[in-house]
Amino acid sequence: MSEKWTTTNIPDQRGRVAVVTGANTGLGYETAKALAERGASVVLAVRNVEKGEQAAARMTGDVTVQALDLTSLDSVRAAAAALRSRLRRIDLLINNAGVMYTPRQTTRDGFEMHFGTNHLGHFGLTGLLLDLMLPVPGSRVVTVSSTGHRIRAAIHFDDLQWQRSYSRIGAYGQSKLANLMFTYELQRRLAPHGTTVAVAAHPGLSSTELARNTPAALRLPITLFAPLITQTPAMGALPTLRAATDPAALGGQYYGPGGRNEVKGHPRLVTSSPESYEVAVQRRLWAVSEDLTGVTFPLAGSDDRDNTAAQR
């Protein structure tokens, strides 16, 4: 296979069903568009249905829209119920939607916005849809993280909701670290089933509206150097697409841009931070996430003797 992996490397997706969150714009749009062009039946799971319909109209292929607001567990449950009523199977669940660097806000359930949207919303959605994936050989859960998982990032179990003090960079980093820890722990739990795998990806620095809440001190440098340090949403979507479709991809792997510092470039396997591989923290986060969302996965707990899926 070519060193420079592109959408031309995506195998035929006819007969496969993909659900992509946040697919009306940016990385999600490019991900859904590429999958639909290769023959997949794609569901755009989006907060704004009108914008989702407009996005679907610009795509070629079998594309439909499902309302999903990840800031509300009621909406997550309703969306999962609707998808379960209309789909017999899911081959790809791509947890792409997210928020970045927002001012201190909470979700409808009272969770800090980054943690509640980027991690808990997707955790709940995955758990509620997983039994549509487990019978499907080759099915994948792909969760989009970020290089931000390395910046001032830790899982603050003593203050998960950032009630004592708030850092938008730290809160975003925690949510993206949680995305990776969720992927690695999910893979460990999926491994005995032998059908579905969990894979992670990150887009590097892509020019999308996700960065609209970037702190003021960083806006001017980013604006000035954007042409040099960012890539298009279509390029930024490639790691996700490779994680979702490359026949050689394995559970527990992480894909990102292949250029210097993983900022831009064609996708390749990359390594996440040492903290992301801490098994005890992954398991604790899983238990806390089940408690906060009320969602229990149809999987047995991970086994101390089988840690290979989350190792570097």
Side-chain angles (χ1 to χ4, degrees), residues 5-72 74-100 117-118 121-122 125-126 128-129 132-133 136 139-144 201 203-204 206-213 230-245 267:
W5 196 96
T6 71
T7 54
T8 62
N9 295 108
I10 298 175
D12 189 344
Q13 297 295 296
R14 283 177 293 182
R16 308 193 83 199
V17 177
V19 176
V20 185
T21 69
N24 63 291
T25 188
L27 301 171
Y29 174 84
E30 296 294 342
T31 300
K33 177 174 175 285
L35 292 172
E37 287 175 348
R38 296 298 292 161
S41 296
V42 181
V43 180
L44 313 184
V46 298
R47 182 177 58 83
N48 188 315
V49 172
E50 182 179 357
K51 290 183 178 180
E53 296 285 3
Q54 292 170 358
R58 298 193 301 272
M59 297 183 191
T60 301
D62 180 8
V63 184
T64 57
V65 177
Q66 172 60 52
L68 169 66
D69 183 353
L70 289 164
T71 70
S72 165
D74 284 344
S75 177
V76 170
R77 291 182 181 278
L83 290 169
R84 292 170 63 85
S85 71
R86 61 190 271 204
L87 301 177
R88 293 185 177 182
R89 60 185 280 166
I90 296 175
D91 297 78
L92 298 174
L93 173 59
I94 299 182
N95 294 324
N96 162 81
V99 297
M100 178 180 178
T117 304
N118 299 352
H122 282 128
L125 182 68
T126 304
L128 293 167
L129 294 178
L132 289 181
M133 305 187 72
V136 183
S139 54
R140 300 183 189 183
V141 177
V142 179
T143 300
V144 179
S206 297
S207 180
T208 72
E209 61 182 48
L210 184 65
R212 61 186 176 274
N213 292 309
T230 65
Q231 58 186 358
T232 65
M235 281 294 295
L238 289 181
T240 300
L241 287 164
R242 185 167 190 178
T245 67

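The residues of the chain are indexed from 1 along the displayed sequence.
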Which pairs, with at least one residue in residues 13-25 and sequence neighbours excluded, count as a salt bridge (Lys or Arg N to Asp or Glu O under 4.0 Å)?
D12-R14, R16-D91
Which residues satisfy the side chain to side chain donor-acceptor pair (under 3.5 Å) test with S72, sequence neighbours excluded?
none
Distance (rounded to the nearest 0.5 Å) between N95 CG and N118 CG:
10.5 Å
Ignoring hydrogens and angles, tell me if any N or O in the side chain of Q54 forms a donor-acceptor pair with the backbone of N24 under 3.5 Å.
no
Write down the atom of R140, the atom of A243, and the distance for their closest heavy-atom approach.
NH1-O, 2.8 Å
Any residue meeting side-chain contact (heavy atoms from CB on, under 4.5 Å) with A45, in chain and number order, not counting sequence neighbours:
V19, T21, L68
Which atoms form the tightest heavy-atom contact between V76 and L125, and what is the distance?
CG1-N, 3.6 Å
For V65, give me all partners under side-chain contact (heavy atoms from CB on, under 4.5 Å), at least two apart in sequence or on another chain.
L44, V46, V49, E53, A56
Side-chain (N96) to main-chain (G22) donor-acceptor, under 3.5 angstrom:
yes
Correct closest heavy-atom pair for A79 and A67 would be CB-O, 3.3 Å
How long is the straight-line distance from CG of L27 back to CE of M235, given to the nearest 0.5 Å?
12.0 Å
Spacing of L132 atom CG and L83 atom CG [to the nearest 0.5 Å]
8.5 Å
Report the distance from atom OG1 of T245 to atom CG of N9, rounding to the nearest 0.5 Å.
8.0 Å
Partner set under side chain to side chain donor-acceptor pair (under 3.5 Å) for T71, not counting sequence neighbours:
D69
Side chain to side chain contact (heavy atoms under 4.5 Å, CB included) assessment of L92 paired with Q13:
CA-CA 10 Å; L92 298 174; Q13 297 295 296; 3.9 Å; yes
Provide the closest heavy-atom pair for V63 versus A36 in the form atom of the first, atom of the second, distance.
CG2-CB, 3.7 Å
Using side-chain contact (heavy atoms from CB on, under 4.5 Å) as the criterion, list what pairs up with A237, not counting sequence neighbours.
E30, T31, L241
Can you see which heavy atom on P239 is nearest to which on P267, and at what distance?
CA-CB, 3.6 Å
Tell me the salt bridge (Lys or Arg N to Asp or Glu O under 4.0 Å) pairs involving residues 75-87, sequence neighbours left out?
R84-D131
The side chain to side chain donor-acceptor pair (under 3.5 Å) partners of E37 (sequence neighbours excluded) come to K33
Taking atom NE2 of H122 and atom CG of L70, what is their separation to the nearest 0.5 Å?
4.5 Å
Would a distance-only check, ignoring hydrogens and angles, find a side-chain to backbone donor-acceptor pair under 3.5 Å from S139 to M133?
yes
All side chain to side chain donor-acceptor pair (under 3.5 Å) counterparts of S85, not counting sequence neighbours:
none
Taking all heavy atoms of Y29 and all of M59, pick out the closest pair and write down the distance.
CD1-CE, 3.3 Å
Report the residues that fulfil side-chain contact (heavy atoms from CB on, under 4.5 Å) with R88, sequence neighbours left out, ordered by chain and then residue number.
none
Let's go through T240 and I94 carefully: what are the C-alpha distance in whole Å and the side-chain angles of both, what is the deciding distance for side chain to side chain contact (heavy atoms under 4.5 Å, CB included) to 0.1 Å, and is it a yes or a no?
CA-CA 8 Å; T240 300; I94 299 182; 3.6 Å; yes
